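Worksheet for the structure shown next.
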Amino acid sequence: MKKYNKILVAFDGSDLSVKALNEAIAMAKENEAMEIDVVTALNPTAQISSAVVYASILNELRKEAVDLLKGISEKLDVQLPNHKVKTMVLEGNPGNEIVKYADDHDRNLIIMGSRGLNGLREWFLGSVSHAVLQRSHCPVLIIK
Ligand SMILES: Nc1ncnc2c1ncn2[C@@H]1O[C@H](COP(=O)(O)OP(=O)(O)OP(=O)(O)O)[C@@H](O)[C@H]1O
Ligand SMILES: [Mg+2]
C-alpha cells in the first residue's frame with residue numbers, strides 16, 4: 001500500500017466521510033511519506049434567479065465549508081503533526097471537481113464514503129461516489 005502516498009479525501013461532513021478520513025489517517029500513521037489533501041466541494045444551485053440571493057447563499061456556504069475544514073485541519077495537525085496535509089474548498093459539481101483536483105494535484109488514491117449526507121439507502125453508491133468512480137484516473141477506495 002505504500003505506493004499510495006498522495007491521498008485525496010473527499011469530505012462532505014457525513015459519517016462515512018469521517019470514516020474515510022480516519023482510514024486515511026490510519027494509513028498515514030504507517031507511512032510517514034504520505035501526503036493527505038482533504039477537499040469539500042460547494043455546489044450552489046444555478047437556478048437561483050436573484051444574483052443577490054445567490055451571492056449571499058454562496059457566502060454562507062463558503063463560510064460553512066471553511067469552518068468544516070478548519071476542524072479537520074486541527075484534527076490532522078494533532079494526529080499527523082509530521083505529515084504534509086492540506087485542506088481545500090472547491091466550487092462546482094462535486095464529482096467533477098474531485099476528479100479534476102486529483103488530476104491537477106497528482107493524487108494516486110482517492111478515499112471517500114459510499115454514501116454521504118443524503119443517506120437514501122436504496123442505492124449502494126451516492127451520485128458523487130458514483131461519478132468519481134466512473135471518471136477518476138486513479139484508484140478509489142470506497143468506505144462503507
Ligand atoms: N460536496 C462534496 N465534497 C466532497 N466530497 C463529497 C461531497 N459530496 C459527497 N462527497 C463524498 O462522496 C461520498 C458519497 O456521497 P454522495 O454525495 O455520493 O452520497 P449521498 O449524499 O448519500 O447521495 P446524493 O447522491 O444524493 O448526494 C461522501 O461520503 C464523501 O466522501
Ligand atoms: Mg451527497
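All ligand and atom numbering here is 1-based and tracks the order in the structure. Predicted model, so just to flag it, every value in this text is computed and none were measured. The first residue in the sequence is number 1, and the count goes up from there.
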What protein heavy atom lies closest to [atom]? Include the residue and the distance to one decimal.
atom                    : value
atom 12 (O) of ligand 1 : M112 CE, 3.3 Å
atom 30 (C) of ligand 1 : A10 O, 3.3 Å
atom 3 (N) of ligand 1  : A41 N, 2.9 Å
atom 4 (C) of ligand 1  : F11 O, 3.3 Å
atom 19 (O) of ligand 1 : G116 N, 3.0 Å
atom 21 (O) of ligand 1 : N118 N, 2.9 Å

If the cut-off is 4.0 Å to any non-hydrogen atom of [X], which atoms of ligand 1 fall inside it?
X    : value
L117 : 21 (O)
T40  : 3 (N), 4 (C)
S17  : 29 (O), 30 (C), 31 (O)
S14  : 29 (O)
V39  : 4 (C)
G126 : 16 (P), 18 (O), 19 (O), 23 (O), 25 (O)

Looking only at distance, does G113 have an N or O less than 3.5 Å from an N or O of ligand 1?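 Between G113 and ligand 1, an N or O pair is found under 3.5 Å apart.
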Does an N or O from S114, backbone or side chain, lie closer than 3.5 Å to an N or O of ligand 1?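 In this structure, S114 places no N or O atom under 3.5 Å from an N or O of ligand 1.
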Give a yes or no answer on whether the side chain of [X] reaches the backbone of [Y] with a donor-acceptor pair at less than 3.5 Å.
X    : Y    : value
S114 : I142 : no
N108 : N5   : yes
H137 : A102 : no
R135 : K100 : no

Using a distance-only test with no angle check, is there a side-chain donor-acceptor pair under 3.5 angstrom linking K75 and N22?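 Yes - a donor-acceptor pair under 3.5 Å links their side chains.
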Any idea which part of P94 is under 4.0 Å from ligand 1, heavy-atom wise: side chain, backbone, both or neither?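 The part of P94 near ligand 1 is the side chain, not the backbone.
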Report the part of I98 (side chain from C-beta onward, or backbone N, CA, C, O) that has a heavy atom under 4.0 Å from ligand 1; answer both or neither where that applies.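 Side chain only.
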Please work out which of [options] has its closest non-hydrogen atom nearest to [atom].
atom                    : options               : value
atom 29 (O) of ligand 1 : E97, K144, H130, R115 : R115
atom 6 (C) of ligand 1  : L21, D12, L90, I110   : D12
atom 10 (N) of ligand 1 : L68, V128, D15, V38   : V128

State plainly whether the residues K63 and E60 are in salt-bridge range, i.e. N to O under 4.0 Å.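 Looking at E60 together with K63, the answer is yes, because their closest N to O distance falls below 4.0 Å.
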Could you tell me whether R107 and E35 make a salt bridge, using a distance below 4.0 angstrom between a side-chain N and a carboxylate O?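 Result for this pair is yes, salt bridge flagged.
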What's the shortest heavy-atom distance between [X] and [Y], and which atoms?
X    : Y   : answer
A131 : G95 : CB-CA, 4.2 Å
I98  : L8  : O-CD2, 3.6 Å
N43  : N93 : OD1-N, 3.9 Å

I'd like to know if A20 contacts ligand 1, where contact means a heavy-atom distance under 4.0 Å to any ligand atom.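 For ligand 1, residue contact (heavy atoms, under 4.0 Å) with A20 is absent.
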For the CD1 atom of I7 and the SG atom of C138, what is their distance to the nearest 0.5 Å?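 Those atoms lie 9.0 Å apart.
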Step-by-step side-chain contact (heavy atoms from CB on, under 4.5 Å) determination, L76 to I25: CA-CA 8 Å; L76 286 170; I25 291 172; 3.9 Å; yes
